[in-house]
J.: 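Below is the structure I would like to discuss, written out as structure tokens.
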Amino acid sequence: MLPNFLQNLNPEIYHSDNYTVVDFEVATNHGDFGRPIFPDNQLLLAVWWTPEGLVKRKWADELHQQELYEDLSRSDFIVAHNSIYELGWLKRGGFEISRLLPFDTQLGEYVLLGNLVSGHSDSGVPPTSISLDSCAARRGWSRKDPVVDILMGHGVNPASMPRKWVEDRCIQDVETTHALFRDQLDVLTRSNRLPVLYTRCLLTPVLADIQSEGMQLDEERVGIVYEDHVRQSVALEQEIASLTGGINTNSPKQLGEYLYDTLGLDEIRDRRGNPKRTDTGQRKTDAKTLLALGGKSPAQREFLGLYREQSKLADAISKSLRFFKEVCATQNGHFWADLNQTRTATHRLSSTGIPSDYGSVQFQNLAKAFKRLFKASREGWLVAETDGSGLEFRVAGFLGDDPQIRKDLTDPDFDPHVTSGAVMRKRDYRELLEAYRAGDKDAKKIRDAAKPDTFKPLYGGSKGTSEQERWYKGFKERYKALAEVQKQWVSRVLIEKKLVTPWGMTFFFPNARMNASGYVNVGNAVYNYPVQCLATAEIIPIALVFLWHTIHSTGLADRIKLVNTVHDSVVVEIHPSVVDEYTKIVEDCFTTKVYEYLKRVYALDFNVKLGVETTIGQYWGEE
DNA sequence: TCAAGATGCGCG
DNA sequence: AAAGCGCGCATCTTGA
């Protein structure tokens, strides 16, 4: 049975008086801020406010908090600030966190601020802090004890502080969190954003569970790929050094001097003849620019060819492979990362690596080529990846109520990249599609080259070569209804300085303005935010919530483990015996369950078909 | 010497 | 004058 709150799907549950407010202090023996994944950290103190209005405290580790666990079991929901932390510790203490519904006051503040947490540098909006202390300060409430706060901020272990200091702080945090909850509940309700908060909070226990898992590398594969990369990289480095006389190609400055001064390459220019430069007016040296440079003389072509290869290898080594090798050598190939719920403007997740002596790697930008280095951490299990195919395009079709997108989605002969490629290269669509499908190399080239341009106009991209601009105009023409809706969003933002989406999520653009030539400084962000938000901050989280809870309520939790999620996808470790069950469940969760939830919680009639695809194998991304 | 900014690049 | 959006990490440069 799914827990009651998931059967009822009613955010009004937060108006119940039957809740518990919790704050933990942790002995941070590991040297971080007390992550529950590290065994040397330990729960130190729990303080909680009970539904009866009692403030209880217990100095004990996570295995000796029975009274708290009993109080939580009879509560409708748990209130905490950054509740993923408390949930992680509850899980480690053996508490079944799938029975818990959080009201997270950090998420509450995040929802109230919309996109303002991350700020918007293009329009001069600075980020806003949502720490408990900042939330209190904004409301004119008393701040945290500065002494304890500074100590903790500098990584002093609470276990070595005077008990009274720690206890007083923990009690005060519970009181502040409680007051913050009451305050936010009122504002969220009046502004019709309680459903959005509800969706955010439903996801948190899922993330706490995912974060406790981590991901597993295959030591043998890592070793082979690492050695191979290093060998090739060193060889190429030597060839390059003999050409350049030993410049540091990692330095954009030195590389630029070599390319443009020594080799005499011409900079890429816009149509007016002005060179395309970096923000500070330096000459560009990125891969895209180098590709466009081409190279005319043999010397130019030789260098560009070698450098293109070498920079890819060097990047792979410094960003991924060196870390992977060390993880295999020192932590059995297993590593963790944080999934952050309150970082992005659009409320999608972000990920941060956990620092180590050999760098850190986050979970959402692992090079696709290295997925095959990951396997299940459990002997004999498989790795499955499920993703929502073409998700943002479908969501744009829904929000723009665009008949052409609907038509394209149901047309078996629609290929988005062939479409953009055909327009840019002035080729007949049918003919190009058939050539591509027949395996024609040139057709595939055209399609691949078109990929980066296919969705650029979806978010306002309009400038480029004449070929590109022809397609960007073509896109707006093809998806007229969507373009019109996006224009209306921008008009509204210019007048109201905010955008309220049909499901209540609200974005703020306090510095929105149009310049003399009609350019709106936040226009492209306005085009993007509702689409990215609905797709990756609502729909996929909803799917994850149902997937996770269904797995738990059907007794599959010890044979299916969620281990990662990357915007439109989820990665699980799975026992081979339940592959068919998983496939059925996940398809239902990524489609039907989403429609039902959007209808019941947001009153949205999501009438565009969602797509779902699963890949299962011994390694991540391999069949 | 150190921190912040700039650049480039991986992902969706 | 030109301008797709959202992130985080490694490396180099800059400036105090």
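Each chain gets a letter, A, B and so on, in the order the sequences are listed, and its residues count up from 1. Since this is a predicted model, take the numbers as computed values, not measurements.
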J.: Side chain of A/T352, heavy atoms from C-beta onward: which of C/dG8, C/dG6, C/dA3 has the nearest atom to it?
T.: C/dG8

J.: Of the nucleotides B/dC9, C/dC7, C/dA2, which one has an atom closest to the side chain of A/A345?
T.: C/dC7

J.: Tell me: NE2 of A/H120 to C1' of C/dA3, nearest whole Å?
T.: 12 Å

J.: Which listed nucleotide (C/dA2, C/dG4, B/dG8) is nearest to the side chain of A/K456?
T.: C/dG4

J.: Is there a side-chain contact between A/Y529 and the phosphate of C/dG6, meaning an N or O under 4.0 Å from OP1 or OP2?
T.: yes

J.: Between atom CG in A/D279 and atom P in C/dT14, what is the gap in whole Å?
T.: 16 Å

J.: Should the side chain of A/R348 and the base of B/dG12 be counted as holding a donor-acceptor pair, with the cut-off at 3.5 Å?
T.: yes

J.: What is the separation between atom NZ on A/K368 and atom C1' on B/dC9, rounded to the nearest whole Å?
T.: 13 Å

J.: Any side-chain N or O of A/T280 below 4.0 angstrom from OP1/OP2 of B/dA6?
T.: no

J.: Can you classify the ring geometry of A/F323 versus A/F335 as parallel (below 30°), tilted (30 to 60°) or perpendicular (above 60°)?
T.: perpendicular

J.: From the set B/dG8, C/dC12, B/dG10, return the single nucleotide nearest to any side-chain atom of A/N250.
T.: C/dC12

J.: Can you check whether any acceptor in the base of C/dG4 is under 3.5 Å from a donor in the side chain of A/N524, or vice versa?
T.: no

J.: Counting heavy atoms from C-beta on, name the nucleotide in C/dT13, C/dC7, B/dC11 closest to the side chain of A/A367.
T.: B/dC11

J.: Classify the nucleic acid contact of A/R277 as base, sugar-phosphate or nothing, counting any heavy atom under 4.0 Å across all strands shown.
T.: nothing

J.: Looking only at side-chain atoms of A/K253, point me to the closest of B/dG10, C/dT14, C/dG6.
T.: C/dT14

J.: Parallel, tilted or perpendicular for A/H229 and A/F370, by the 30°/60° rule?
T.: perpendicular

J.: With a distance cut-off below 6.0 Å to the six-membered ring centre and an angular limit of 45° from the axis, does A/R221 pair with A/Y619 as a cation-pi contact?
T.: yes

J.: Would you mind telling me which of C/dG6, B/dG12, C/dC7 lies closest to the side-chain atoms of A/S118?
T.: C/dC7

J.: Both A/R322 and A/H567 contact DNA chain C. Which one's nearest nucleotide lies toward the 5' end?
T.: A/H567

J.: Using the side-chain heavy atoms of A/R272, tell me which of these nucleotides is nearest: C/dA1, C/dG6, B/dT7.
T.: C/dA1

J.: Base, sugar-phosphate, or nothing for A/S351, non-hydrogen atoms under 4.0 angstrom?
T.: sugar-phosphate

J.: Please state whether the rings of A/F374 and A/W620 are parallel, tilted or perpendicular, taking 30° and 60° as the class boundaries.
T.: perpendicular

J.: Measuring to OP1 and OP2 of C/dG8, would you say a side-chain N or O of A/S350 lies under 4.0 angstrom away?
T.: yes

J.: Partner of C/dG6 by Watson-Crick or G-U wobble geometry, both contacts under 3.5 Å, or none?
T.: B/dC11

J.: Within this structure, what is the CG-to-P distance between A/D122 and C/dA2, rounded to whole angstrom?
T.: 17 Å

J.: Just checking A/S462: base, sugar-phosphate only, or nothing, at a heavy-atom cut-off of under 4.0 Å?
T.: sugar-phosphate

J.: Output the single nucleotide from C/dA2, B/dG8, C/dG8 whose closest atom is nearest the side chain of A/D286.
T.: B/dG8

J.: Give a yes/no answer on whether the side chain of A/S251 brings an N or O atom under 4.0 Å of OP1 or OP2 in C/dT13.
T.: yes

J.: Pairing donors with acceptors under 3.5 angstrom, does anything connect the side chains of A/Q341 and A/T204?
T.: yes

J.: Could you state the CG-P distance from A/L290 to B/dT7, rounded to the nearest angstrom?
T.: 16 Å

J.: Among B/dC11, C/dG6, B/dT7, find the nucleotide with the atom closest to the side chain of A/N528.
T.: C/dG6

J.: Using the aromatic ring of A/Y519 (for Trp, its six-membered ring), decide whether it stacks on the base of C/dA3 within the limits of 5.5 Å and 30°.
T.: yes

J.: Parallel, tilted or perpendicular for A/F303 and A/Y307, by the 30°/60° rule?
T.: parallel

J.: Once you round it to whole Å, what is the distance between P of C/dG4 and CD of A/Q468?
T.: 9 Å

J.: Please tell me whether A/D453 and A/W471 have a donor and an acceptor in their side chains that are separated by less than 3.5 angstrom.
T.: no

J.: Roughly how many Å is it from CG in A/D315 to P in B/dT7, rounded to a whole number?
T.: 18 Å

J.: Just how far, in rounded Å, is P of B/dC11 from CH2 of A/W620?
T.: 11 Å

J.: Assign A/G523 to base, sugar-phosphate, or nothing according to its heavy-atom contacts below 4.0 angstrom with the strands shown.
T.: nothing

